[in-house]
Amino acid sequence: MTDNPVASPFDDLAVTVQVAEPLAGHTWLGVGGPARYFCEPTSIESLSAVAARCHEQEIKLRIVGGGSNILASTDGVDAMVVRLAAPAFCGIAIDGQSVKVGAGAKLVHLVSETVQAGLSGLEDLVGIPGTVGGGLVGNAAAHGSNLGQRVHSVTVMLPDGSTEERLREDLAFSSGWSSLDGVIVLSARFDLDSDDPGRLTKRMQKQWIVERSEQPSGTRAVAMMFKDPVGTTAESLIAQAGCRDLCVGGASVYAAHANYVVVEAGCASSDVKQLLEKVRGVVRDRLGVELAPRIRVW
Ligand SMILES: Cc1cc2nc3c(=O)[nH]c(=O)nc-3n(C[C@H](O)[C@H](O)[C@H](O)COP(=O)(O)OP(=O)(O)OC[C@H]3O[C@@H](n4cnc5c(N)ncnc54)[C@H](O)[C@@H]3O)c2cc1C
């Protein structure tokens with residue numbers, strides 16, 4: 001973070017707010033302009049105060065998790081961007097077959113801790129980058145499992161800074177989507193099954209190898225472009241439409257795994273955006289399929 005003494009509407013709150021914080025360092029792609037405001041609250045109370053202030057002053061509030069599914073605009077993001085990386089948002093507590101986890105915890109940590117504790121249900125999700133909060137909002141999925149399947153309840157913060165618990169029956173999850181868009185996910189409880197830790201560890205390690213083989217290697221400057229349509233994969237459609245070699249400026253389709261965009265140093269966020277539009281247009285024109293973006297464009 002940069003030290004910035006510029007005044008902000010949050011100056012009277014017990015939270016350090018950065019003005020014009022570069023977002024490139026908070027996303028996997030490493031591109032994009034600054035956030036108008038940025039903070040990392042250390043408690044639910046300070047997050048609540050920030051949310052309430054944004055609500056009162058009509059300042060948009062956005063949460064960045066691991067930043068593996070965000071494309072920040074070249075022109076910057078006119079919002080308060082909040083990162084829930086403080087210990088208050090990252091705890092993992094196991095109680096029998098129930099696990100309570102903070103939204104800022106890394107998904108990979110949740111998976112490995114539950115596997116070590118002999119709890120099954122999340123091991124297929126090993127290797128998906130990002131946080132539990134980001135994974136719940138976009139219903140992270142791999143190898144036929146998704147994060148929403150095992151949710152018991154989710155604690156959320158509403159725009160006015162109040163909190164509420166939403167039970168499974170009040171939540172909806174589908175491919176690349178959940179009904180949690182528009183609220184701040186604070187924590188979640190998952191119901192898991194007991195299993196043999198040794199067997200689970202082997203299964204997790206196998207899935208990890210498969211997951212890594214399906215991802216671009218050697219760089220973190222990548223993102224998944226589109227959701228898989230029902231009955232097929234975005235990757236196969238992109239390849240079939242002949243888009244493996246497409247590039248715009250410093251952004252190109254990763255040929256070996258065609259649903260990923262990879263960026264070179266110095267690439268502009270607008271290059272990535274244009275590449276997404278180009279791929280989408282070619283797939284539409286050649287195959288008549290409208291791909292839905294997975295990556296969130298800010
Ligand atoms: C190499 C690579 C491999 C991937 N493999 C997979 C895969 O196998 N399966 C899959 O499903 N996805 C995959 N993805 C996509 C991505 O990792 C997932 O979507 C992941 O769940 C995003 O989590 P994140 O914490 O990084 O979210 P971010 O990118 O930080 O945010 C994504 C969205 O969630 C919102 N958000 C984040 N946290 C919160 C919160 N606490 N409250 C409210 N909103 C929040 C953000 O505002 C944003 O709108 C992959 C991405 C990469 C780069």
Side-chain angles (χ1 to χ4, degrees), residues 23 25-30 32 35 40-41 44 47 51 60-72 77 79-86 88-90 101-111 122 124-149 154-159 163 166 173-188 207-208 210-228 233-235 254 256-257 259-263 272 293-298:
L23 282 175
H26 296 287
T27 67
W28 272 50
L29 283 172
E40 297 189 347
I44 292 188
L47 172 63
K60 200 170 170 69
L61 186 152
R62 290 181 180 274
I63 305 289
V64 60
S68 63
N69 202 33
I70 291 170
L71 174 63
V77 175
M80 161 58 89
V81 174
V82 177
R83 188 162 171 261
L84 304 181
F89 300 102
C90 297
V101 59
K106 292 214 161 60
L107 185 56
V108 67
H109 291 163
L110 173 65
V111 173
L122 301 176
D124 287 346
L125 306 177
V126 70
I128 301 179
T131 59
V132 171
L136 282 168
V137 168
N139 195 20
H143 313 114
S145 297
N146 65 70
L147 196 55
Q149 279 171 338
V154 179
T155 304
V156 301
M157 185 173 284
L158 303 179
T163 58
R166 295 191 178 169
F173 295 95
S174 69
S175 172
W177 177 89
S178 81
S179 57
L180 291 162
D181 240 340
V183 294
I184 302 173
V185 177
L186 296 176
S187 62
Q207 298 292 32
W208 174 266
V210 174
E211 179 72 18
R212 294 312 291 261
S213 72
E214 291 170 352
Q215 295 176 1
S217 59
T219 174
R220 223 180 99 109
V222 297
M224 220 179 221
M225 293 190 283
F226 300 102
K227 295 178 190 173
D228 287 334
T233 62
E235 178 176 342
Y254 191 88
H257 300 291
N259 194 24
Y260 288 95
V261 52
V262 59
V263 306
V272 181
R294 170 171 271 280
I295 189 159
R296 310 284 181 119
V297 181
W298 283 7

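All ligand and atom numbering here is 1-based and tracks the order in the structure.
Less than 4.0 angstrom separates some heavy atom of Gly135 from each of these atoms of ligand 1: 21 (O), 23 (O). Atom numbering of ligand 1 starts at 1 in the shown order; those under 4.0 Å from a heavy atom of Val185 are 40 (C), 41 (N), 42 (N), 43 (C). Proximity to Trp298 (heavy-atom distance under 4.0 Å) selects the following atoms of ligand 1: 47 (O). Less than 4.0 angstrom separates some heavy atom of Thr131 from each of these atoms of ligand 1: 23 (O), 24 (P), 25 (O).
By heavy-atom distance, the residue among Val222, Val137, Asp181, Leu180 lying nearest atom 45 (C) of ligand 1 is Val137. In the candidate list Arg294, Met157, Arg296, Arg294 is nearest to atom 12 (N) of ligand 1, counting heavy atoms. Counting heavy atoms only, Pro129 comes closest to atom 20 (C) of ligand 1 of the residues Gly102, Ser145, Pro129, Gly130. Nearest residue to atom 10 (C) of ligand 1 from Ala221, Ala79, Gly66, Ala141 is Ala141 (criterion: closest heavy atom). The closest non-hydrogen atom to atom 8 (O) of ligand 1, taken over Gln215, His143, Glu211, Arg62, comes from Glu211. Evaluated by nearest non-hydrogen atom to atom 17 (O) of ligand 1, the leading choice among Ser68, Gly65, Ala142 is Ser68.
Among the atoms of Leu84, none of the N or O lies under 3.5 angstrom from an N or O of ligand 1. Checked by distance only, ligand 1 and Ile128 stay at 3.5 Å or farther apart across all their nitrogen or oxygen atoms.
Contact annotation for Ile63 and ligand 1: heavy atoms of both the backbone and the side chain come within less than 4.0 Å of the ligand. Residue Ala103 touches ligand 1 through its side chain alone, judged by heavy-atom distances below 4.0 Å.
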Could you go step by step and tell me if Glu235 and Met224 meet the side chain to side chain contact (heavy atoms under 4.5 Å, CB included) rule?
CA-CA 10 Å; Glu235 178 176 342; Met224 220 179 221; over 6 Å; no
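Arg296 has its side chain within reach of Asp181: a pair of non-hydrogen atoms, C-beta onward, lies under 4.5 Å apart.
The aromatic rings of Tyr254 and His257 sit parallel, their planes meeting at an angle under 30°, below the 60° perpendicular limit.
In this structure, Phe89 falls outside the shell of residues with a heavy atom less than 4.0 angstrom from ligand 1.
With hydrogens and angles ignored, the 3.5 Å screen pairs a side-chain donor or acceptor of Gln149 with a backbone N or O of Asn146.
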